[in-house]
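Below you'll find the structure, written out as structure tokens, and then a few comments.
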Amino acid sequence: MVEPLADAAFGYAPGKLLLFGEHAVVYGQPAIAVSIDRGIRVAVSALDGPSGPVMRTSGLGLAAPVCVGPEPAGPAVLQRALTRLVELYGTDVRELQFVVDSAIVAGAGLGSSAALSVAMIRGVRRFLTLSRDDEAVLAHALELERVFHGNPSGVDHTVIARGGALSYLRGEKGPQFQRVVLGRPLHLAVGVAGPHAGTKRAVSALRERASRHGAVYEHLFAGVGMLAREARTALENGHLAAVGELMNVNQGYLNALGVSTPAIETLCHVARERGALGAKLTGAGGGGAMLALCDGDAAGAVASAFEDAGFSAFTTVVSNESVG
Ligand code: PMV
């Protein structure tokens, strides 16, 4: 872990899981997303040295700091995110360092880029003693998400900033989201099939496939939307067996959309054999994470079965009290 300097201001944001509707959400269908109990913490402090900003990270798989300014270094996308932060909050940001500590794997569909975006915005606003303005946090985090993903639906940073469970629709008049009040907490086992090839790439490859068979894909997206609507009712009524069944059907659609992989299918089979109520990939797919809905304590056994099959895994509980 990288130690932040004294007098730091902190920003935190959790990771997220998409329970229903990834990809179809890009085409105007509803998605259901939840925040999880692990995330990214950013400590913002004055930079002691040449002009920045500078970002030091742990947990994101980067060995060296990210710098903009006279001697740029580190991944271009993170440099661009720092530059966007200067554009959003002014040249004072050039005198800051961001110490990032991530407890979520990057590039696995767990919302690491959106969590980093929200945590950075929260941290910089606190350091600059700006008001706790939730709308500004959402709007500016979307600006950073655009650096990472191009044209994101906005579901990730919204659920991460708001916390809990949300139904999200990228409407024609802008994004609409509603809180989903869970009838019962969700016990989830998450398996990680490895890093995915990137959300931007997965979304554009799907767009390409969809353009060749427009009517067929429209049907598939509409089917996923129907699942998400039905799942919302089941989640609110606490009918977890029905939620699990709908997750299995959603996974079938994701397979049809071409974003599942043999490793994800293996993890889904392991989960169902171990008694999970339902299992599906989460996020962009093509690798990355999957989730299994379990009956209470069974999540631990399912996560162990994922590890026995050679994958990394964790459990998480989502409730109405989950924080953003
Ligand atoms: O970036 P990920 O892996 O969490 O997936 C984002 C979900 C998509 O629906 C595939 C893309 C989007 O912008 O909503």
Side-chain angles (χ1 to χ4, degrees), residues 13-36 38-40 60 77 81 102 104-118 138 141-162 165-171 174-177 188 190-210 217 220-225 227-228 231 247 250-251 253-261 263-264 267 280-291 316:
K16 69 95 203 17
L17 295 167
L18 280 162
L19 294 187
F20 291 92
E22 47 275 271
H23 287 291
V25 68
V26 174
Y27 297 83
Q29 298 295 337
I32 297 180
V34 295
S35 63
I36 57 174
R38 53 180 65 204
I40 293 185
L60 290 176
V77 72
S102 178
I104 39 183
V105 204
L110 300 175
S112 64
S113 69
L116 181 61
S117 302
V118 172
L138 270 182
L142 178 60
E143 291 301 316
L144 294 193
E145 263 289 81
R146 287 203 171 113
V147 173
F148 293 116
H149 286 317
N151 185 18
S153 67
V155 60
D156 281 19
H157 82 283
T158 303
V159 73
I160 279 168
R162 300 274 166 178
L166 290 185
S167 167
Y168 180 93
L169 189 70
R170 181 189 216 178
Q176 298 160 29
F177 51 90
L188 302 169
V190 178
V192 182
H196 63 45
T199 303
K200 214 167 172 175
R201 195 185 292 186
V203 169
S204 64
L206 175 54
R207 191 173 292 284
E208 164 77 23
R209 289 194 292 279
Y217 279 79
L220 293 174
F221 296 135
V224 174
L227 282 172
M247 279 170 62
N250 197 162
Q251 174 59 21
Y253 273 96
L254 288 161
N255 197 333
L257 292 172
V259 295
S260 191
T261 64
I264 289 169
L267 283 161
K280 63 179 275 294
L281 69 81
T282 185
M290 54 71 69
L291 56 89
T316 186

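Only a predicted model underlies this, so the values are computations on that prediction, with no experimental measurement involved. As a basis for the values below, the full set of heavy atoms in this structure was taken, side chains included, without hydrogen atoms, waters or symmetry mates. Both counts, for ligands and for their atoms, begin at 1 and track the order of listing.
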Q. Looking only at heavy atoms of Lys16, does any of them come nearer than 4.0 Å to an atom of ligand 1?
A. yes
Q) Should the proximity of Val26 to ligand 1, defined as any heavy atom under 4.0 Å, be assigned to the side chain, the backbone, both, or neither? A) side chain
Q: Might you point out which heavy atoms bring Ile32 and Ala228 nearest each other, and give the distance in Å?
A: CD1-O, 3.3 Å
(Q) Just so I know, are the side chains of Thr282 and Met290 near enough to count as touching, which here means a heavy-atom distance under 4.5 Å? (A) no
Q. If every non-hydrogen atom of Ala24 is compared with every non-hydrogen atom of Phe221, which pair is closest and at what distance?
A. CA-CD2, 3.7 Å
(Q) I need the Tyr217 OH to Arg209 CZ distance, nearest 0.5 Å. (A) 5.5 Å
Q. Which atoms of ligand 1 are found less than 4.0 Å from any heavy atom of Pro152?
A. 13 (O)
Q. Looking only at protein heavy atoms, which one is nearest to atom 3 (O) of ligand 1, and how far off is it?
A. Ala284 N, 2.9 Å
Q. Starting from atom 6 (C) of ligand 1, which protein heavy atom do you reach first, and at what distance in Å?
A. Thr199 CG2, 3.9 Å
Q: Please report which non-hydrogen protein atom sits nearest to atom 9 (O) of ligand 1, along with the residue it belongs to and the distance in Å to one decimal place.
A: His23 N, 2.9 Å
Q.
Give the atom numbers and elements of ligand 1 that come within less than 4.0 Å of a heavy atom of Val25.
A. 9 (O), 14 (O)
Q: Report the nearest protein non-hydrogen atom to atom 13 (O) of ligand 1: residue, atom name, distance rounded to 0.1 Å.
A: Ser153 N, 2.8 Å
Q) In Å, rounded to the nearest 0.5 Å, how long is the span from CG of Asp156 to OG1 of Thr199? A) 7.5 Å
Q) Heavy atoms, side chains only, cut-off 4.5 Å: are Ile36 and Lys16 in contact? A) no
Q: Search all heavy atoms of Gln29 against all heavy atoms of Leu169 and return the closest pair with its distance.
A: C-CD1, 3.6 Å
Q. How close does the nearest protein non-hydrogen atom get to atom 7 (C) of ligand 1, and which residue and atom is it?
A. Leu18 CD1, 3.7 Å
Q | Contact atoms of ligand 1, heavy-atom distance to Glu22 under 4.0 Å | A | 9 (O)
Q: Could you tell me whether the side chain of Val34 reaches within less than 4.5 Å of the side chain of Leu18, counting heavy atoms only?
A: no
Q: Select one of side chain, backbone, both or neither to describe which atoms of Thr282 lie under 4.0 Å from any atom of ligand 1, heavy atoms only.
A: neither
